Amino acid sequence: ATEIVENAYNILCDFGEVAEIAMERGIEGLKHVKIKVGRPIKVMLAEKAKNIEDAMKTLGGRVAIEIKYDGMRAQIHKSGDKIWIYTRRLEHVTKQFPDLVEYARKNLKCKECVVEGEVWAVSKKDFSPLPFQVLSQRIHRKYKIEKMVEEIPVQINLFDIMYLDGKMVIDLPLKERRKLLERIVNEVPHRFKLATQLVTSDVKEAEKFYQQALELKQEGVMVKNLESKYIFGRRVGGWLKVKPTAETLDLVIVGATWGTGKRAGWLGSFILACRDEATGEFLECGMLGTGIKEKKTSPEDVTFEELTEMLKPYIEFQRGSEVRIRPKIVVSVDYQEIQRSPNYKSGFALRFPRFIAIRFDKNPEDADTLSRLEYLYKLQSRSK
DNA sequence: CCTGTCTGCCCC
DNA sequence: ATTCTGC
DNA sequence: GCAGAATGGGCAGACAGG
(Lines give C-alpha, C1' and ligand atoms only; values in the text may rest on other atoms or scores of the structure.)
Protein backbone atom coordinates (compact mmCIF):
# COMPACT_ATOMS: atom_id res chain seq x y z
CA ALA A 1 0.00 0.00 0.00
CA THR A 2 2.87 2.36 0.88
CA GLU A 3 4.36 1.74 -2.54
CA ILE A 4 1.12 2.57 -4.29
CA VAL A 5 0.72 5.82 -2.38
CA GLU A 6 4.34 6.75 -3.04
CA ASN A 7 3.99 5.97 -6.72
CA ALA A 8 0.87 8.11 -6.95
CA TYR A 9 2.71 10.97 -5.23
CA ASN A 10 5.66 10.69 -7.63
CA ILE A 11 3.28 11.11 -10.52
CA LEU A 12 1.08 13.86 -9.08
CA CYS A 13 3.59 15.60 -6.74
CA ASP A 14 0.70 16.88 -4.64
CA PHE A 15 -0.25 15.37 -1.26
CA GLY A 16 -3.67 16.95 -1.32
CA GLU A 17 -4.56 15.35 -4.60
CA VAL A 18 -3.24 11.95 -3.51
CA ALA A 19 -5.31 12.17 -0.32
CA GLU A 20 -8.39 13.15 -2.27
CA ILE A 21 -8.12 10.19 -4.62
CA ALA A 22 -7.47 7.85 -1.69
CA MET A 23 -10.61 9.14 0.04
CA GLU A 24 -12.81 8.90 -2.98
CA ARG A 25 -11.58 5.79 -4.74
CA GLY A 26 -9.19 4.16 -2.27
CA ILE A 27 -6.16 2.10 -3.22
CA GLU A 28 -7.71 1.13 -6.53
CA GLY A 29 -7.95 4.79 -7.46
CA LEU A 30 -4.31 5.40 -6.56
CA LYS A 31 -3.21 2.37 -8.59
CA HIS A 32 -4.62 3.93 -11.70
CA VAL A 33 -3.17 7.40 -11.30
CA LYS A 34 -1.79 8.47 -14.66
CA ILE A 35 0.65 11.09 -15.76
CA LYS A 36 -1.10 14.35 -16.57
CA VAL A 37 0.57 16.11 -19.42
CA GLY A 38 1.72 19.52 -18.25
CA ARG A 39 2.20 18.34 -14.68
CA PRO A 40 5.83 17.48 -13.81
CA ILE A 41 6.75 14.06 -12.41
CA LYS A 42 9.68 13.04 -10.20
CA VAL A 43 12.72 12.13 -12.27
CA MET A 44 14.80 8.98 -12.10
CA LEU A 45 18.23 9.44 -10.56
CA ALA A 46 21.55 7.70 -11.15
CA GLU A 47 24.22 6.28 -8.89
CA LYS A 48 27.95 6.74 -9.31
CA ALA A 49 30.35 4.10 -10.60
CA LYS A 50 34.15 4.24 -10.32
CA ASN A 51 34.79 3.34 -13.92
CA ILE A 52 33.31 1.75 -17.01
CA GLU A 53 34.35 -1.77 -16.09
CA ASP A 54 32.73 -1.59 -12.64
CA ALA A 55 29.59 -0.08 -14.11
CA MET A 56 29.27 -2.84 -16.68
CA LYS A 57 29.98 -5.52 -14.10
CA THR A 58 27.28 -4.12 -11.81
CA LEU A 59 24.66 -3.97 -14.53
CA GLY A 60 25.79 -7.19 -16.18
CA GLY A 61 26.05 -8.07 -19.84
CA ARG A 62 24.70 -5.82 -22.53
CA VAL A 63 24.21 -2.20 -21.56
CA ALA A 64 23.34 1.11 -23.15
CA ILE A 65 25.99 3.80 -22.84
CA GLU A 66 25.00 7.40 -23.40
CA ILE A 67 26.98 10.61 -23.38
CA LYS A 68 26.42 12.54 -20.13
CA TYR A 69 26.09 16.12 -21.31
CA ASP A 70 27.17 18.96 -19.04
CA GLY A 71 23.98 20.95 -18.71
CA MET A 72 20.56 21.03 -17.12
CA ARG A 73 18.13 18.15 -16.94
CA ALA A 74 14.83 19.01 -18.63
CA GLN A 75 11.45 17.32 -18.72
CA ILE A 76 9.40 18.32 -21.76
CA HIS A 77 5.63 17.89 -21.85
CA LYS A 78 3.70 18.21 -25.09
CA SER A 79 -0.05 18.25 -25.65
CA GLY A 80 -0.97 19.30 -29.14
CA ASP A 81 0.67 22.69 -29.62
CA LYS A 82 1.22 23.23 -25.92
CA ILE A 83 4.70 22.71 -24.49
CA TRP A 84 5.90 22.78 -20.88
CA ILE A 85 9.51 22.52 -19.68
CA TYR A 86 10.53 21.55 -16.14
CA THR A 87 13.86 21.22 -14.32
CA ARG A 88 15.01 18.21 -12.35
CA ARG A 89 13.52 19.78 -9.20
CA LEU A 90 10.29 20.33 -11.10
CA GLU A 91 10.65 24.08 -11.48
CA HIS A 92 8.77 25.57 -14.40
CA VAL A 93 11.22 27.05 -16.92
CA THR A 94 9.13 27.15 -20.09
CA LYS A 95 9.40 30.97 -20.25
CA GLN A 96 13.18 30.83 -20.11
CA PHE A 97 13.51 28.55 -23.14
CA PRO A 98 11.25 29.80 -25.97
CA ASP A 99 13.73 28.38 -28.48
CA LEU A 100 13.41 24.88 -27.01
CA VAL A 101 9.63 25.19 -26.92
CA GLU A 102 9.60 25.89 -30.64
CA TYR A 103 11.87 22.95 -31.47
CA ALA A 104 9.80 20.62 -29.31
CA ARG A 105 6.53 21.78 -30.82
CA LYS A 106 7.74 21.11 -34.35
CA ASN A 107 9.85 18.02 -33.84
CA LEU A 108 8.00 15.75 -31.43
CA LYS A 109 5.84 13.68 -33.76
CA CYS A 110 2.95 12.79 -31.48
CA LYS A 111 -0.22 14.24 -29.97
CA GLU A 112 0.92 13.97 -26.38
CA CYS A 113 4.12 12.97 -24.66
CA VAL A 114 6.50 13.48 -21.78
CA VAL A 115 10.18 13.19 -22.69
CA GLU A 116 13.41 13.95 -20.93
CA GLY A 117 16.82 15.22 -21.95
CA GLU A 118 19.85 17.36 -21.10
CA VAL A 119 20.01 21.00 -22.22
CA TRP A 120 23.42 22.59 -22.71
CA ALA A 121 24.90 25.82 -24.04
CA VAL A 122 26.29 25.44 -27.52
CA SER A 123 29.01 27.57 -29.09
CA LYS A 124 27.85 29.76 -31.99
CA LYS A 125 31.25 29.29 -33.62
CA ASP A 126 31.72 25.55 -33.74
CA PHE A 127 28.78 23.98 -31.86
CA SER A 128 31.07 22.81 -29.07
CA PRO A 129 29.75 22.78 -25.50
CA LEU A 130 30.24 25.86 -23.34
CA PRO A 131 30.83 25.77 -19.56
CA PHE A 132 27.81 25.14 -17.35
CA GLN A 133 27.97 28.73 -16.00
CA VAL A 134 27.10 30.00 -19.46
CA LEU A 135 23.89 27.99 -19.51
CA SER A 136 23.17 29.15 -15.93
CA GLN A 137 22.67 32.64 -17.23
CA ARG A 138 19.50 31.47 -18.94
CA ILE A 139 17.93 29.20 -16.34
CA HIS A 140 16.22 31.65 -13.96
CA ARG A 141 16.19 34.69 -16.15
CA LYS A 142 13.15 36.99 -15.99
CA TYR A 143 14.38 39.82 -18.17
CA LYS A 144 16.12 40.00 -21.53
CA ILE A 145 15.13 36.44 -22.31
CA GLU A 146 15.00 36.90 -26.08
CA LYS A 147 18.39 38.59 -26.11
CA MET A 148 19.92 35.63 -24.28
CA VAL A 149 18.24 33.17 -26.66
CA GLU A 150 20.30 34.87 -29.38
CA GLU A 151 23.50 35.10 -27.36
CA ILE A 152 23.43 31.67 -25.79
CA PRO A 153 21.84 29.05 -28.03
CA VAL A 154 21.20 25.65 -26.50
CA GLN A 155 21.06 22.06 -27.63
CA ILE A 156 18.97 19.33 -26.04
CA ASN A 157 19.78 15.64 -26.20
CA LEU A 158 16.76 13.52 -25.37
CA PHE A 159 17.32 10.24 -23.58
CA ASP A 160 13.97 9.01 -22.28
CA ILE A 161 10.21 8.98 -22.66
CA MET A 162 7.65 8.41 -19.89
CA TYR A 163 4.33 9.00 -21.60
CA LEU A 164 3.08 8.74 -25.15
CA ASP A 165 -0.39 9.38 -26.57
CA GLY A 166 -2.48 8.36 -23.59
CA LYS A 167 -0.16 5.61 -22.29
CA MET A 168 2.37 5.57 -19.48
CA VAL A 169 5.46 3.87 -20.87
CA ILE A 170 7.56 3.90 -17.71
CA ASP A 171 7.21 0.14 -17.23
CA LEU A 172 8.63 -0.66 -20.65
CA PRO A 173 12.31 -1.66 -20.65
CA LEU A 174 14.75 1.11 -21.58
CA LYS A 175 15.45 -0.43 -24.99
CA GLU A 176 11.75 -0.21 -25.85
CA ARG A 177 11.43 3.35 -24.59
CA ARG A 178 14.43 4.31 -26.68
CA LYS A 179 12.72 2.84 -29.76
CA LEU A 180 9.62 4.93 -29.08
CA LEU A 181 11.77 8.02 -28.62
CA GLU A 182 13.57 7.38 -31.90
CA ARG A 183 10.23 7.01 -33.61
CA ILE A 184 8.77 10.33 -32.44
CA VAL A 185 11.83 12.60 -32.41
CA ASN A 186 12.66 14.47 -35.57
CA GLU A 187 16.28 15.49 -35.05
CA VAL A 188 17.54 19.00 -35.83
CA PRO A 189 21.33 19.26 -36.11
CA HIS A 190 23.00 21.01 -33.14
CA ARG A 191 19.66 21.86 -31.56
CA PHE A 192 17.20 19.02 -31.03
CA LYS A 193 18.83 15.61 -30.80
CA LEU A 194 18.72 12.18 -29.24
CA ALA A 195 21.41 11.34 -26.72
CA THR A 196 24.25 9.57 -28.51
CA GLN A 197 24.00 5.93 -27.46
CA LEU A 198 26.02 2.76 -27.85
CA VAL A 199 24.65 -0.68 -27.02
CA THR A 200 27.41 -3.12 -26.19
CA SER A 201 28.66 -5.86 -23.89
CA ASP A 202 32.29 -5.20 -24.79
CA VAL A 203 34.23 -3.28 -22.12
CA LYS A 204 36.88 -2.13 -24.61
CA GLU A 205 34.26 -0.71 -26.93
CA ALA A 206 32.58 1.01 -23.99
CA GLU A 207 35.87 2.55 -22.84
CA LYS A 208 36.40 3.93 -26.31
CA PHE A 209 32.94 5.51 -26.29
CA TYR A 210 33.72 7.08 -22.90
CA GLN A 211 36.95 8.60 -24.25
CA GLN A 212 35.05 9.97 -27.23
CA ALA A 213 32.52 11.61 -24.90
CA LEU A 214 35.38 13.32 -23.04
CA GLU A 215 36.97 14.44 -26.30
CA LEU A 216 33.65 16.08 -27.15
CA LYS A 217 34.12 18.13 -23.94
CA GLN A 218 31.21 16.41 -22.21
CA GLU A 219 31.12 15.28 -18.57
CA GLY A 220 31.29 11.54 -19.03
CA VAL A 221 28.75 8.79 -19.70
CA MET A 222 25.67 7.15 -18.29
CA VAL A 223 25.70 3.36 -18.29
CA LYS A 224 22.18 1.93 -18.28
CA ASN A 225 20.57 -1.48 -17.94
CA LEU A 226 18.67 -2.13 -21.16
CA GLU A 227 15.87 -3.90 -19.30
CA SER A 228 15.35 -1.27 -16.59
CA LYS A 229 12.05 0.48 -16.08
CA TYR A 230 11.77 4.20 -15.39
CA ILE A 231 11.65 4.57 -11.60
CA PHE A 232 10.53 7.92 -10.19
CA GLY A 233 12.55 10.00 -7.81
CA ARG A 234 14.99 7.37 -6.63
CA ARG A 235 18.60 6.53 -7.05
CA VAL A 236 17.87 2.90 -7.73
CA GLY A 237 17.61 0.72 -10.73
CA GLY A 238 19.72 0.63 -13.75
CA TRP A 239 21.48 3.98 -14.22
CA LEU A 240 25.13 4.54 -13.34
CA LYS A 241 27.15 7.65 -14.12
CA VAL A 242 30.86 7.55 -14.87
CA LYS A 243 32.93 10.71 -15.03
CA PRO A 244 36.61 11.44 -14.55
CA THR A 245 38.26 13.00 -11.51
CA ALA A 246 40.98 15.55 -12.16
CA GLU A 247 44.47 15.18 -10.74
CA THR A 248 44.53 15.77 -6.97
CA LEU A 249 45.70 19.20 -5.80
CA ASP A 250 47.53 19.94 -2.56
CA LEU A 251 46.26 23.22 -1.11
CA VAL A 252 46.70 25.20 2.09
CA ILE A 253 43.94 25.89 4.61
CA VAL A 254 43.86 29.65 5.28
CA GLY A 255 40.45 29.93 6.91
CA ALA A 256 37.25 28.17 7.86
CA THR A 257 33.67 28.63 8.95
CA TRP A 258 32.00 27.17 12.04
CA GLY A 259 29.58 24.39 11.14
CA THR A 260 25.86 24.20 11.82
CA GLY A 261 23.42 21.37 12.59
CA LYS A 262 25.30 18.08 12.65
CA ARG A 263 28.57 20.00 12.55
CA ALA A 264 27.82 22.53 15.30
CA GLY A 265 30.90 23.07 17.49
CA TRP A 266 33.35 22.07 14.77
CA LEU A 267 34.82 23.91 11.87
CA GLY A 268 32.50 22.76 9.10
CA SER A 269 34.17 24.02 5.94
CA PHE A 270 37.63 25.20 5.02
CA ILE A 271 39.05 27.98 2.85
CA LEU A 272 41.68 26.69 0.42
CA ALA A 273 44.54 28.60 -1.13
CA CYS A 274 47.30 28.05 -3.64
CA ARG A 275 50.72 29.68 -3.46
CA ASP A 276 51.64 32.60 -5.68
CA GLU A 277 55.33 31.93 -6.23
CA ALA A 278 55.87 35.48 -7.51
CA THR A 279 54.82 37.14 -4.24
CA GLY A 280 54.85 34.29 -1.73
CA GLU A 281 51.22 35.10 -0.97
CA PHE A 282 48.55 32.46 -0.51
CA LEU A 283 45.63 33.11 -2.85
CA GLU A 284 42.18 31.69 -2.15
CA CYS A 285 40.81 29.25 -4.69
CA GLY A 286 37.68 27.89 -3.02
CA MET A 287 36.19 26.16 -0.01
CA LEU A 288 36.06 22.55 1.09
CA GLY A 289 33.19 21.00 3.04
CA THR A 290 32.79 17.39 2.08
CA GLY A 291 34.81 14.20 2.37
CA ILE A 292 35.70 14.74 6.04
CA LYS A 293 34.34 12.20 8.55
CA GLU A 294 32.04 12.89 11.50
CA LYS A 295 32.97 9.60 13.15
CA LYS A 296 36.23 7.71 13.19
CA THR A 297 35.56 4.28 11.71
CA SER A 298 39.10 3.41 10.70
CA PRO A 299 42.47 4.74 11.89
CA GLU A 300 43.21 6.73 8.75
CA ASP A 301 39.91 8.63 8.92
CA VAL A 302 40.20 12.39 9.48
CA THR A 303 37.33 13.81 11.53
CA PHE A 304 35.97 17.35 11.86
CA GLU A 305 36.97 17.23 15.50
CA GLU A 306 40.59 16.38 14.69
CA LEU A 307 40.82 18.97 11.98
CA THR A 308 39.28 21.62 14.24
CA GLU A 309 41.75 20.86 17.05
CA MET A 310 44.64 20.81 14.61
CA LEU A 311 43.77 24.25 13.23
CA LYS A 312 42.78 25.99 16.48
CA PRO A 313 46.32 27.02 17.45
CA TYR A 314 46.72 28.84 14.15
CA ILE A 315 43.51 30.88 14.28
CA GLU A 316 44.37 34.52 13.70
CA PHE A 317 40.95 36.08 14.23
CA GLN A 318 37.24 35.45 13.86
CA ARG A 319 34.36 37.49 12.53
CA GLY A 320 30.90 36.02 12.85
CA SER A 321 31.16 32.39 11.90
CA GLU A 322 34.20 33.00 9.72
CA VAL A 323 37.70 32.21 10.91
CA ARG A 324 41.07 33.22 9.45
CA ILE A 325 43.85 30.69 9.90
CA ARG A 326 47.63 30.98 9.43
CA PRO A 327 48.74 28.86 6.48
CA LYS A 328 50.15 25.70 8.06
CA ILE A 329 48.04 22.69 7.09
CA VAL A 330 48.13 21.25 3.58
CA VAL A 331 45.33 19.00 2.31
CA SER A 332 44.84 16.88 -0.80
CA VAL A 333 41.68 17.72 -2.69
CA ASP A 334 39.83 15.98 -5.52
CA TYR A 335 37.56 17.87 -7.91
CA GLN A 336 35.96 17.62 -11.33
CA GLU A 337 37.51 20.63 -13.00
CA ILE A 338 39.05 24.05 -12.48
CA GLN A 339 36.78 27.00 -13.23
CA ARG A 340 37.50 30.68 -13.70
CA SER A 341 36.14 32.46 -10.62
CA PRO A 342 35.13 36.05 -10.03
CA ASN A 343 34.89 35.33 -6.30
CA TYR A 344 38.35 34.17 -5.32
CA LYS A 345 41.64 36.08 -5.32
CA SER A 346 43.43 33.45 -7.37
CA GLY A 347 40.86 33.87 -10.15
CA PHE A 348 40.14 30.14 -10.04
CA ALA A 349 37.81 27.81 -8.16
CA LEU A 350 37.31 24.05 -8.06
CA ARG A 351 34.10 22.42 -9.22
CA PHE A 352 32.83 19.80 -6.73
CA PRO A 353 35.84 19.84 -4.38
CA ARG A 354 36.19 17.06 -1.80
CA PHE A 355 38.68 16.23 0.94
CA ILE A 356 41.04 13.31 0.40
CA ALA A 357 43.77 13.53 3.05
CA ILE A 358 45.95 15.75 5.22
CA ARG A 359 49.47 16.10 3.81
CA PHE A 360 51.46 15.94 7.04
CA ASP A 361 54.58 15.61 4.89
CA LYS A 362 54.06 18.96 3.18
CA ASN A 363 54.69 22.52 4.30
CA PRO A 364 52.65 25.42 2.90
CA GLU A 365 55.64 26.22 0.69
CA ASP A 366 55.21 22.82 -0.97
CA ALA A 367 51.56 23.42 -1.87
CA ASP A 368 50.44 23.65 -5.47
CA THR A 369 51.04 27.03 -7.08
CA LEU A 370 48.94 29.54 -8.94
CA SER A 371 50.85 28.80 -12.12
CA ARG A 372 50.08 25.12 -11.76
CA LEU A 373 46.36 25.94 -11.52
CA GLU A 374 46.71 28.13 -14.59
CA TYR A 375 48.50 25.34 -16.41
CA LEU A 376 45.88 22.74 -15.49
CA TYR A 377 43.09 25.12 -16.42
CA LYS A 378 44.51 25.66 -19.89
CA LEU A 379 45.22 21.97 -20.31
CA GLN A 380 41.62 20.98 -19.65
CA SER A 381 40.18 23.55 -22.06
CA ARG A 382 42.50 22.35 -24.81
CA SER A 383 42.21 18.60 -24.35
CA LYS A 384 38.51 18.45 -23.72
C1' DC B 1 21.80 55.24 -9.05
C1' DC B 2 25.13 52.26 -7.59
C1' DT B 3 26.91 48.55 -4.55
C1' DG B 4 26.95 45.01 -1.46
C1' DT B 5 24.46 41.06 0.56
C1' DC B 6 21.27 37.55 0.74
C1' DT B 7 18.08 33.93 -1.28
C1' DG B 8 16.56 30.21 -4.23
C1' DC B 9 11.05 23.49 -2.28
C1' DC B 10 17.96 27.46 -7.75
C1' DC B 11 21.05 24.93 -11.33
C1' DC B 12 25.08 21.74 -11.30
C1' DA C 1 26.72 18.51 -7.26
C1' DT C 2 29.80 14.99 -3.28
C1' DT C 3 30.06 12.68 0.77
C1' DC C 4 28.93 10.64 5.23
C1' DT C 5 25.75 8.40 8.48
C1' DG C 6 21.62 6.63 10.68
C1' DC C 7 18.08 3.59 9.78
C1' DG D 1 20.59 0.13 0.16
C1' DC D 2 18.27 4.26 0.75
C1' DA D 3 17.11 8.89 2.53
C1' DG D 4 18.50 12.94 4.83
C1' DA D 5 21.71 16.32 6.00
C1' DA D 6 25.99 18.52 5.94
C1' DT D 7 28.77 20.98 2.56
C1' DG D 8 30.96 22.93 -2.60
C1' DG D 9 30.74 27.01 -7.28
C1' DG D 10 27.92 30.25 -9.43
C1' DC D 11 23.91 32.48 -11.57
C1' DA D 12 19.85 36.13 -11.63
C1' DG D 13 16.88 38.70 -8.76
C1' DA D 14 15.38 41.04 -4.71
C1' DC D 15 16.31 44.19 -1.32
C1' DA D 16 18.72 47.45 1.85
C1' DG D 17 21.61 51.15 2.46
C1' DG D 18 24.53 54.87 1.06
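In this text the structure is predicted, and so the values were computed from the model without any measurement. Each chain gets a letter, A, B and so on, in the order the sequences are listed, and its residues count up from 1. Just so it is clear, the values below take in all heavy atoms, side chains as well, and ignore hydrogens, waters and symmetry mates.
- In summary, A:K296 and A:E306 engage in a salt bridge, as defined by a charged side-chain N under 4.0 Å from a carboxylate O.
- Nearest nucleotide to the side chain of A:A349, out of D:dC11, D:dG9, D:dG13: D:dG9.
- Using a cutoff of 4.0 Å between basic side-chain nitrogens and carboxylate oxygens, A:E219 and A:K243 are scored as salt-bridged.
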Show me the protein contacts with nucleotides 1-3 of chain C, counting only N or O atoms at under 3.5 Å.
{"residue": "C:dA1", "atom": "OP1", "partner": "A:R88", "partner atom": "NH1", "Å": "2.3"}
{"residue": "C:dT2", "atom": "OP1", "partner": "A:K243", "partner atom": "NZ", "Å": "3.4"}
{"residue": "C:dT2", "atom": "OP2", "partner": "A:K241", "partner atom": "NZ", "Å": "3.1"}
{"residue": "C:dT2", "atom": "O3'", "partner": "A:R354", "partner atom": "NE", "Å": "3.3"}
{"residue": "C:dT2", "atom": "O2", "partner": "A:T290", "partner atom": "OG1", "Å": "2.9"}
{"residue": "C:dT3", "atom": "OP1", "partner": "A:R354", "partner atom": "NE", "Å": "2.9"}
{"residue": "C:dT3", "atom": "OP2", "partner": "A:K48", "partner atom": "NZ", "Å": "3.2"}
{"residue": "C:dT3", "atom": "O4'", "partner": "A:T290", "partner atom": "OG1", "Å": "3.0"}

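- Not one side-chain nitrogen or oxygen of A:Y143 sits closer than 4.0 Å to the OP1 or OP2 atom of D:dA12.
- Atom P of nucleotide C:dC7 and atom CD of A:E294 are separated by 13 Å, given to the nearest angstrom.
- Regarding contacts with the backbone of D:dG9, every side-chain N or O of A:R351 stays at 4.0 angstrom or more from both OP1 and OP2.
- Nucleotide D:dG9 forms a Watson-Crick or G-U wobble pair with B:dC11, both donor-acceptor distances falling under 3.5 Å.
- Side chain to side chain, A:Q197 and A:E66 meet the donor-acceptor criterion of an N or O pair below 3.5 Å.
- Comparing D:dT7, D:dC11, B:dC11 by their closest approach to the side chain of A:Q133 singles out D:dC11.
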Per-pair distances, 0.1 Å, donor-acceptor, side chain in residues 179-192 of chain A, under 3.5 Å, sequence neighbours excluded:
{"residue": "A:E182", "atom": "OE2", "partner": "A:R178", "partner atom": "NE", "Å": "2.9"}
{"residue": "A:N186", "atom": "ND2", "partner": "A:N107", "partner atom": "OD1", "Å": "2.8"}
{"residue": "A:E187", "atom": "OE2", "partner": "A:L194", "partner atom": "N", "Å": "2.7"}

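- Look at A:R89 and you'll find a side-chain N or O under 4.0 angstrom from OP1 or OP2 of B:dC10.
- For the OP1/OP2 pair of B:dC12 and a distance below 4.0 Å, the side-chain nitrogens and oxygens of A:S136 include no atom meeting the criterion.
- Taking the charged nitrogens against the carboxylate oxygens, A:R73 and A:D160 have no contact shorter than 4.0 Å, which rules out a salt bridge.
- The side chain of A:K262 sits closest to D:dG4 out of D:dG10, D:dG4, D:dA14.
- Between A:N343 and D:dG9 there is no side-chain polar atom (N or O) within less than 4.0 angstrom of OP1 or OP2.
- Picking from B:dC10, D:dG13, B:dC12 the nucleotide with the shortest atom distance to the side chain of A:R141 gives D:dG13.
- Side-chain contact, A:E205 with A:T200: a donor N or O sits under 3.5 Å from an acceptor N or O.
- In this structure, A:R340 places its CZ atom 17 Å from P of D:dG9, rounding to the nearest Å.
- OP1 or OP2 of D:dT7 sits under 4.0 Å from a side-chain N or O of A:T260.
- Between the side chain of A:E284 and the backbone N or O of A:Y344 there is no donor-acceptor pair closer than 3.5 Å.
- When distances are taken from the side chain of A:Y344 to each of C:dT5, D:dG10, D:dA6, the shortest belongs to D:dG10.
- Between A:Y69 and B:dC12 there is no side-chain polar atom (N or O) within less than 4.0 angstrom of OP1 or OP2.
- With rounding to whole Å, A:F270 atom CZ is found 12 Å from D:dA6 atom C1'.
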